[in-house]
Amino acid sequence: GALVFDEIHLGRYAEAQKLCDEAITLAKATIGTDQPETIAIMSRLATIDWRLGRYGDALALDEETVRLSKAVLGPDHPDTLDRMGQLVDSYCGFGRVADAAKVEEEVLAIRKAKLGPDHPKTINAMAILGLCYSKVGRIQESLTLLEDALAKARRGPSNADLGHIMVPLGDTYRALGRYDDAVKLLSEAADLRKTTLGPEHSDTLYARDRLAMCYYLLGRYADALKT
């Protein structure tokens, strides 16, 4: 396990993949597939496969590790929920956003039941599901979730990451034609990310890009160019 993490840390994913393959073969032969240790290695290999561009292999492993985790650890185990989150990312990467939403709905229900509606992990699940709904055209459901998530997050710790809620909510406002609301929120998101992440960070640039689009739709072309 430590060797795999070393290779990942060094960016040597091909070497890490080989080590994981060997570890999985050994674990399946000695302790079986349906053991937490084996499942953990499979999940790690899925992450490595994704980084290597082996997206189909990664998705298949993500689906298998979620199935095994639910059966072995239980659907509400923290490791199961983390692997469900990884599966959501894989589905989104394949454009299977409706499938991602179904998984995230399950995650959110468990987070609410186990942690409560105001826990940061529950709020994060709300934000992810809201983004998924937005991408599949369920705009009103997206709006409700994202506004609720942002209100809860604002009441939380001052260092909470609000940008990952503000940007998709701004996009949802734009989709509803609420351009002024979108500009206000995306301006705040861009400023926040500039302060916390730096002006050249990809998340900052993305927020600025979404803001510029809103300015353009409002006919504020000079502001769009300056953003």
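Residue numbers start at 1 and run along the sequence shown.
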Handout entry: R193 vs R208 side-chain heavy atoms within contact, under 4.5 Å
Key = no
Exercise for the section: Over all heavy atoms of both residues, which pair between Y55 and F94 is shortest? Give the atoms and the distance, please. Expected result: O-CE1, 3.4 Å
Practice task
Rounded to the nearest 0.5 Å, what's the gap from CG on L211 to CD on E188? Could you check?
Solution key: 12.0 Å
Exercise for the section: Kindly say whether G130 contributes a backbone atom to a donor-acceptor pair with the side chain of S134 at under 3.5 angstrom? Expected result: no
Completion exercise
Scanning both residues in full, the closest heavy-atom pair of V183 with C214 reads CG2-CB, 3.7 Å
Handout entry: Connected via hydrophobic side-chain network under 4.5 Å: L87 and I110
Key = yes
Problem - Non-hydrogen atoms of P168 and G163 that approach each other most closely - result: CD-O, 4.2 Å
Exercise for the section: Given side chain to side chain contact (heavy atoms under 4.5 Å, CB included), test L186 with R174 step by step and report yes or no. Expected result: CA-CA 10 Å; L186 290 170; R174 177 178 55 79; over 6 Å; no
Problem - Any side-chain donor near an acceptor of the partner, Y91 and Q86, under 3.5 Å - result: no
Practice task
Give a yes or no answer on whether the side chain of S142 reaches the backbone of Y133 with a donor-acceptor pair at less than 3.5 Å.
Solution key: no
Handout entry: Donor-acceptor contact present, side-chain S43 to main-chain I39, <3.5 Å
Key = no
Completion exercise
Minimal heavy-atom distance between L185 and M166, with the atoms involved, is CD2-O, 3.4 Å
Handout entry: L143 side chain near R178 side chain, heavy-atom distance below 4.5 Å
Key = yes
Problem - Sidechain-backbone polar pair: T80 side chain, D76 backbone, donor-acceptor under 3.5 Å - result: no
Problem - Backbone N/O of D34 and side chain of T38: donor-acceptor pair under 3.5 Å - result: no
Exercise for the section: Give the minimum heavy-atom separation between I139 and A175, together with the two atoms involved. Expected result: CD1-CB, 4.4 Å
Exercise for the section: Flag yes if V97 and L108 sit in one hydrophobic cluster, no otherwise; membership is Ile, Leu, Val, Met, Phe, Trp, Tyr, and two members link when side-chain heavy atoms are under 4.5 Å apart. Expected result: no
Problem - Separation between OH of Y179 and CG of L217, rounded to the nearest 0.5 Å - result: 5.0 Å
Problem - Partner set under side-chain contact (heavy atoms from CB on, under 4.5 Å) for Y206, not counting sequence neighbours - result: V167, D171, R210
Practice task
Measure the CG-CG distance between L131 and L146 for me, rounded to the nearest 0.5 Å.
Solution key: 7.5 Å
Exercise for the section: Output the distance between atom CD (E63) and atom OG1 (T65), rounded to the nearest 0.5 Å. Expected result: 9.0 Å
Handout entry: Minimum side-chain heavy-atom gap I41-L45 below 4.5 Å
Key = no
Exercise for the section: I would like to know whether D223 and K226 meet salt bridge (charged side-chain N to carboxylate O under 4.0 Å, His left out); could you show each step before the answer? Expected result: CA-CA 5 Å; D223 289 326; K226 290 189 297 184; 3.7 Å; yes
Practice task
Let me see the working for R96 and V103 under side chain to side chain contact (heavy atoms under 4.5 Å, CB included), right down to the final yes or no.
Solution key: CA-CA 11 Å; R96 293 173 56 179; V103 177; over 6 Å; no
Practice task
Examine Y173 and L192 and state if one hydrophobic cluster contains both, with Ile, Leu, Val, Met, Phe, Trp and Tyr joined whenever side-chain heavy atoms are less than 4.5 Å apart.
Solution key: yes
Practice task
Report yes or no: does T204 contribute a side-chain atom to a donor-acceptor pair with the main-chain N or O of E200 at less than 3.5 Å?
Solution key: no
Practice task
Locate the shortest heavy-atom distance separating A46 from D62; write the atom from each residue and the value.
Solution key: CB-OD1, 3.3 Å
Exercise for the section: Answer yes if L150 and L176 sit in the same cluster of Ile, Leu, Val, Met, Phe, Trp and Tyr residues linked by side chain heavy atoms under 4.5 Å apart, and no otherwise. Expected result: yes
Please list, one pair per line, the donor and acceptor atoms closer than 3.5 Å that link side chains of residues 117-128 to other protein atoms, with sequence neighbours excluded.
from	atom 1	to	atom 2	distance (Å)
D118	OD1	K152	NZ	2.9
H119	ND1	K121	N	3.0
T122	OG1	R111	O	3.4
T122	OG1	G116	O	2.8
N124	OD1	H164	NE2	3.3

Practice task
Could you state whether V66 and V88 fall into the same hydrophobic cluster, counting links through intermediate Ile, Leu, Val, Met, Phe, Trp or Tyr residues with side-chain heavy atoms under 4.5 angstrom apart?
Solution key: yes
